[in-house]
Amino acid sequence: MSESPYADLDRPPLHEAALRRALLRPGGLWTDLRVVPETGSTNADLVVAAKNGVPEGSVLVTEAQTAGRGRLGRVWTAPPRSGLTFSLLVRPDVPVTRLSWAPLLTGVAVAAAVRRVTAVGEREDRFRSGGDTAVDARLKWPNDVLVGDRKLAGILVEKVGDALIVGIGLNVSSAAGELPVPTATSLRAEGAALADRAPLLRAILREFEILYREWTRHGGDPEASGLRAAYTEVCATLGRTVRVELPGDRTLTGPARDIDDEGCLVVAGPDGERSVSAGDVVHVRPADG
Ligand code: BT5
């Protein structure tokens, strides 16, 4: 097998200089962007950077991750260059109670970018109808991007002082046999073969910037910033009956009614409505199918 990253024409490498040219501009959110061939975890790297005082807007992309983190000690695995594996560092000036909206905001950005970039004949308008959308990306509260019931992307947000490290793993060209779990999918598996990952990365970062600017401008208020409405529109969890697994083998089953101001899922359980926070949830599974 060749060592050159160019040997696999289905998986061309990402170009740091081109991405920097496209994304780093005066007054913009993104202040630095690096692409490294391999690292343990981009989240772990930016956690260190945050502690060292790196300013808001730093993006770290890797072509291969050897110790990708999920939530609660779980792992994220993907073959080199088969998808997007990156993290970003922001320092949102919003009340701490509203920070739980950050993973949800990220999900909205990823879903919007996937829909836009995979739509036939990529166009620049952001508000397209569902009819010409190639991949119907939806969100499972709190942090999964799904196509149908399969996971296309995972999001991990970690807090370090006033910084948030937002990590995103998204399967692009992974073949069915390369996906780590039967519940996973990729753009390729969904019929949207995308050789060049750069437009997708650019689209995610641009969508994130727009949503993040609005959200922080409104002090993290999900209502005033329009974030709740945007999230509700693409959320596959709301309206479904869910079984929420909580720590200590406890479960809560009932219809998922709402997302509250603090980003918690409101479930109508047998003893009335209860809000569960992402930090408390082990798994959310559909209970109605
Ligand atoms: C997540 O955790 O889904 C968050 C994943 C975040 C990964 C990114 S990659 C860049 C950045 N740097 C990091 O170190 N992490 C972030 P969770 O909800 O706990 O889901 C983890 C579960 O997803 C695993 O237990 C598997 O079941 C499944 N999984 C692992 N790899 C997957 C993949 N490539 N595609 C789909 N599902 C996967």
Side-chain angles (χ1 to χ4, degrees), residues 11 14 33-50 58-90 100 102-104 106-107 109-111 114 135 137-160 163-190 197 200-201 204-205 208 236-237 242 244-247 265 276-285:
R11 293 183 178 165
L14 288 163
L33 185 149
R34 282 185 305 132
V35 180
V36 297
E38 183 179 302
T39 189
S41 154
T42 53
N43 260 45
D45 294 344
L46 285 193
V47 164
V48 174
S58 207
V59 182
L60 178 63
V61 188
T62 193
E63 295 286 32
Q65 207 171 225
T66 54
R69 294 180 183 174
R71 291 173 53 233
L72 305 171
R74 297 190 287 248
V75 294
W76 182 263
T77 49
R81 299 191 314 281
S82 64
L84 288 173
T85 313
F86 66 103
S87 302
L88 46 100
L89 189 164
V90 286
S100 328
L104 314 188
T106 309
V110 172
V114 165
V135 173
R138 305 248 152 210
L139 303 176
K140 179 180 141 188
W141 184 91
N143 69 327
D144 289 346
V145 182
L146 304 183
V147 183
D149 283 330
R150 289 171 189 249
K151 182 160 165 173
L152 178 72
I155 293 162
L156 174 67
V157 178
E158 297 181 85
K159 187 174 178 313
V160 185
L164 293 183
I165 311 304
V166 179
I168 298 166
L170 197 167
N171 305 317
V172 177
S173 64
S174 335
E178 292 177 309
L179 292 165
V181 286
T183 49
T185 191
S186 67
L187 290 181
R188 176 178 169 184
E190 297 301 328
R197 291 161 295 153
L200 183 57
L201 177 59
I204 294 172
L205 290 171
F208 184 97
T237 309
V242 293
V244 182
E245 292 176 24
L246 299 162
L265 185 69
V276 288
S277 76
D280 281 342
V281 164
V282 180
H283 282 295
V284 180
R285 302 187 197 281

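FYI, side chains are in, hydrogens and waters are out, and symmetry mates aren't considered; it's all heavy atoms of this structure. Just so you know, ligand 1 is whichever comes first in the structure, and atom 1 is the first atom listed for that ligand. Predicted model, so just to flag it, every value in this text is computed and none were measured.
Looking at Ile168 against ligand 1, only its backbone comes within 4.0 Å, counting heavy atoms.
Residue-ligand proximity, Gly68 to ligand 1, at heavy-atom distances under 4.0 Å covers atoms 14 (O). Residue Asn171 approaches ligand 1 through these ligand atoms, each under 4.0 Å from one of its heavy atoms: 33 (C), 34 (N), 35 (N), 36 (C). Listed by number with element, the atoms of ligand 1 under 4.0 angstrom from any heavy atom of Thr42 are 10 (C), 11 (C), 12 (N). Residue contact check: Arg71 has heavy atoms under 4.0 Å from atoms 2 (O), 17 (P), 19 (O) of ligand 1. Taking every heavy atom of Ser41 and a limit of under 4.0 angstrom, the matching atoms of ligand 1 come to 12 (N), 13 (C), 14 (O). Short contacts between ligand 1 and Ser87, defined as distances under 4.0 Å to a heavy atom of the residue, involve ligand atoms 11 (C), 12 (N).
Residue contact annotation: Arg150 has no non-hydrogen atom under 4.0 Å from ligand 1. Heavy-atom separations between Val75 and ligand 1 include at least one value shorter than 4.0 Å. Residue Leu72 places every heavy atom at 4.0 Å or more from ligand 1.
Residue Arg197 is tested with Val172, Val61, Leu187 for a side-chain contact (heavy atoms from CB on, under 4.5 Å); the sole match is Val172.
Within the 3.5 Å criterion, the main-chain N or O of Gln65 finds no donor-acceptor partner in the side chain of Thr62. Proximity of a side-chain donor or acceptor of Thr39 to a complementary backbone N or O of Thr42 within less than 3.5 Å is not detected. With hydrogens and angles ignored, the 3.5 Å screen pairs no side-chain donor or acceptor of Arg285 with any backbone N or O of Glu245. With Lys140 contributing its side chain and Val284 its backbone, the two residues share a donor-acceptor pair below 3.5 Å. Put simply, the side chain of Arg138 never gets that close to the backbone of Ala236: no donor and acceptor are under 3.5 Å apart.
Considering all non-hydrogen atoms of both residues, Ala137 and Val145 come closest at CB-CG1, 4.0 Å.
Counting protein heavy atoms only, atom 25 (O) of ligand 1 is closest to Arg74 CD, 3.6 Å. For atom 38 (C) of ligand 1, the nearest protein heavy atom (residue, atom name, distance) is Trp76 CZ3, 3.5 Å. Of the protein's non-hydrogen atoms, Val181 CG2, 4.0 Å is the one closest to atom 28 (C) of ligand 1. Closest to atom 31 (N) of ligand 1 among all protein heavy atoms lies Thr77 N, 3.2 Å. Scanning the protein for heavy atoms near atom 36 (C) of ligand 1, the closest one is Ala184 CB, 3.3 Å.
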Self-check item: Worked verdict on Arg150 versus Thr183 for side-chain contact (heavy atoms from CB on, under 4.5 Å)
Solution: CA-CA 5 Å; Arg150 289 171 189 249; Thr183 49; 5.5 Å; no
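A distance of 11.5 Å separates OG of Ser87 from CD1 of Ile155, quoted to the nearest 0.5 Å. For the atom pair Asn143 CG and Thr106 OG1, the distance stands at 10.0 Å (nearest 0.5 Å). Taking CZ from Arg69 and CG from Asn43, the interatomic distance works out to 6.5 Å, rounded to the nearest 0.5 Å.
Counting only non-hydrogen atoms, the option in Arg69, Lys140, Lys151 that gets closest to atom 1 (C) of ligand 1 is Lys151.
The shortest N/O to N/O separation between Thr85 and ligand 1 does not fall below 3.5 Å.
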